[in-house]
Amino acid sequence: METMFIEDLQGEQYPLQAAVDRERGINGEKSISLTLYEEKWNEDYFKNIDTCWKLGFDGDEYEVVIPRAKARGKKAVWELKAVHRFFVDMRNSWKYETHTGSMTIQARMNFVFNGSGYNFVIVDSFGAKEMENFGDSSRLDLFQKILETYEAEFEIVGNTVYIRTQIGQDTDFVYHRNLNLKDITIEKDSTNFSTYGEGFGKDGLHVTYTSPLASIPGIGIRHAPPVRDERYTVESSLFNTVKKSIDESLVVSITVDVAELRAQGYQSAPNEGDRIFLMDDRLNLDIETRIVNISESFNVKGELISQKVTISNKSIRESYQSQLSNAVKQIQDIQSGRGKIPYNVLPEAIKLATSALQSAQTELVFENGIVAVDKNNPNLVVVLNSAGFGISTDGGQTFENAITALGVNTNLLTAGAIHTNNIQIIGTESYFFWDGNEFLAMDPNDQNKFVKIMPGLIDISGGAIRIRRPDGAYVMINGLLQYDFSIKGAEPTFTGGGATVDGRFFTTTVRDVGVADCQAYFFQHRARYLRVNVAMYVTVGATAYMSIERGYPANGNHQILATVSSSNLDPREGGAEMLIDLGVPTSQKRLIYLRLRSSNGQPVWGREVGIWQED
């Protein structure tokens, strides 16, 4: 274990010796607590310890969040609780922007992590999800919402966060009361126990689920609060959500106090998320289960002296049956020779690799693992050891092509097809992602400017398209069609309510709004703006008003979209224009009216010169 240290607010580090208790769990904060006594070796900094000081333990850095000072005889004692720096940094940083709509997990993680000082790697495949008003919160809160929405889990290595569908490993660890179990506690909580639930989604989508436990005498039907969420449009998704809430409503928490495995000769101990086997004939337990939390105690030398693991919460029906996961069965079959390892072959790449291996002139050196050096070119080195597999072209100074437990890093692929769950290509001006479901290209400065390519669909947002005809003319620029969206009026001319045709003009003496119809226009909403040019003139003392309106006052749905006026006596001088924002084009049918009225009941005249849509 790495040397412990404590760091003050000025960045000065000091040695630290203390017994430490550590808590770590799935998707939870990692924290440590310790008691520090006043001694001669820590007198340089002991009395100055305060909140926000840093603690280094087991390769991780923590920040003191609760420093509690106590008097113990003539000396003082510090009780310190510290949280992993990731959680503190992310909690103290705020994202003020918001985003509504569907986004891939990569896009949301970029939104949260950009500028945070931390990196992320998405290991598994996740589909895009809808979220309302995502943002305007701390980075940590938004990160936790991502984990919940996409049903993901994470682990932190240094400054990099790895996102997986499930962390941990399928291990062969067996906790047995005659081997390494000290104590075991089972606690059941039926406070919110339910056996029946219903879900309601969009457009009348409705599902029900009844647990098999409802058939047990003495239990029966127990209703759970319904799931009401219009974001659900697929029956199977809503059903799975309702089923999960019912199946997990009876909580069984199993806490196991285990002996320290390393002291018994094991090379490693289980971590949070690991799948293990638990056997205790006293409680009739023989199950495979998952570790969700680990509580550990270390002595002043950093040696692990006690360990308690909390087993995943499951329904009683799941917790008390012995079952092996498919992954474990497959591994056992492979180990016993009964099964084969499936893989995708790349014929041309395999031929090249086989030829290279068979014709190689290589020296093997057993030093920090197996080191293979090309006899003719000592700069070509391959290293295999417990940390991973690395390829170097500079004599082992650097390994740009490597495979470790944390993933694959390569700068050269020679042949074959790439089967990927997640690929991120980060450029200076744009982001590109493949996640197994869609291709996404996004502007890093504007989350609403993107191009998505999915099977059967291309989704473009933010004007990110330009189309040019064979003759060189642009049909579309920046997402806007370069057309004149002309609108034609009704035939015969739609007049009434006191408006009549007088030569080239309409005329009226009506003073009321929403009455004197000059024309009606029925059109498809295909552009953002409606532009209307009109001409008007009046008799002495009157003012003419022309307007674009919807509906009639008598029907209760009347709305004036725009109005212009004129008091000119000369028909040639009474021109005016109305520009109406119709909103984002919807392609829906729209009906509007052109109307004319007089200010004082004297005759006025008006006509349409031109009407069209434009962007």
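Here the structure is a predicted model, which is why all the values come from computation and not from measurement.
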Centroid-centroid distance, Phe143 to Tyr118, less than 6.0 Å: no
Residue pair Lys75, Tyr37: steps toward the side-chain contact (heavy atoms from CB on, under 4.5 Å) verdict: CA-CA 8 Å; Lys75 295 184 177 181; Tyr37 297 89; over 6 Å; no
Heavy-atom closest contact (Trp41 atom, Leu16 atom, distance): CZ3-CA, 3.9 Å
Donor-acceptor pair, side chain of Asp89 and main chain of Ser116, under 3.5 angstrom: no
Tyr62 and Lys30, any side-chain heavy atoms less than 4.5 Å apart: yes
side-chain contact (heavy atoms from CB on, under 4.5 Å), paired with Val383, selected from Val371, Ile391, Ile370: Val371
Heavy-atom side-chain proximity of Asp60 to Phe86 below 4.5 angstrom: no
Minimum-distance pair of heavy atoms, taken over all atoms of Ala224 and Ile246: CB-CD1, 3.4 Å
Short side-chain to backbone donor-acceptor contact, Asp141 and Asp136, under 3.5 Å: no
Exercise: identify the closest heavy-atom pair between Ile122 and Met109: CD1-CG, 4.4 Å
Nearest-0.5 Å distance, CG of residue Leu147 to CG of residue Leu142: 11.0 Å
Worked verdict on Ile294 versus Gln307 for side-chain contact (heavy atoms from CB on, under 4.5 Å): CA-CA 7 Å; Ile294 301 177; Gln307 183 182 59; 4.0 Å; yes
Test item: Arg164 side-chain N/O and Glu153 main-chain N/O as donor-acceptor pair under 3.5 Å: no
Exercise: identify the closest heavy-atom pair between Ala82 and Leu55: CB-CD1, 3.7 Å
OG1 on Thr160 to CD1 on Ile163, rounded to 0.5 Å: 11.0 Å
Modelled atom types, side-chain donor and acceptor of Glu23 and Ser295, under 3.5 Å: yes
Side-chain heavy-atom pair Phe126, Gln106 within 4.5 angstrom cut-off: no
Interatomic distance, Arg24 atom CZ to Ile291 atom CD1 [nearest 0.5 angstrom]: 8.5 Å
Any donor-acceptor pair under 3.5 Å from Tyr45 side chain to Pro15 backbone: yes
Test: Arg108 cationic atom under 6.0 Å from Phe134 six-membered ring centre, within 45° of axis: yes
Geometric class of the Trp94/Tyr96 ring pair [parallel <30°, tilted 30-60°, perpendicular >60°]: tilted
Between OG on residue Ser137 and NZ on residue Lys95, distance to nearest 0.5 Å: 12.0 Å
From Ile26 atom CD1 to Asn271 atom CG, the distance as rounded to the nearest 0.5 Å: 11.0 Å
Donor-acceptor contact below 3.5 Å, side chain Thr195 vs main chain Gly220: yes
N/O donor-acceptor pair under 3.5 Å between Asn42 side chain and Glu39 backbone: yes
Side chain to side chain, Leu36 and Ile49, heavy atoms closer than 4.5 Å: yes
Residue pair Asn159 / Gly117: nearest heavy atoms and the distance that separates them: ND2-O, 4.0 Å
Phe87 CZ to Leu140 CG distance, which is reported to the nearest 0.5 Å: 7.0 Å
Cation over ring face, Lys243 and Phe239, 6.0 Å, 45°: no
Derivation and outcome, salt bridge (Lys or Arg N to Asp or Glu O under 4.0 Å), residues Lys54 and Glu61: CA-CA 7 Å; Lys54 309 298 185 299; Glu61 190 170 301; 5.6 Å; no
Atom NZ of Lys81: over 12 foreign heavy atoms under 6.0 Å: no
Side-chain heavy atoms of Leu9 within contact of Asp50, under 4.5 Å: no
Main-chain N/O of Glu130 paired with Ser102 side-chain donor or acceptor, under 3.5 Å: no
Other residues, nucleotides, ligands: >12 heavy atoms within 6.0 Å of Gln13 CD: yes
Expected output: side-chain Thr98 to main-chain Gly135 donor-acceptor under 3.5 Å: no
Validation row: Met90, Val112 side chains within 4.5 angstrom (heavy atoms): yes
Polar side-chain atom of Trp53 near backbone of Ile6 as donor-acceptor pair, under 3.5 Å: no
Glu38 (side chain) donor-acceptor with Ala76 (main chain) under 3.5 angstrom: yes
Glu148 atom CD, over 12 foreign heavy atoms within 6.0 Å: no
Beyond-backbone contact of His84 with Ile156, side-chain heavy atoms, under 4.5 angstrom: yes
Ring geometry between Phe57 and Phe298 (parallel below 30°, tilted from 30 to 60°, perpendicular above 60°): perpendicular
Closest non-hydrogen atom pair between Tyr150 and Gly127, with its separation: CE2-O, 3.2 Å
Any side-chain heavy-atom pair of Ile167 and Phe154 under 4.5 Å: no
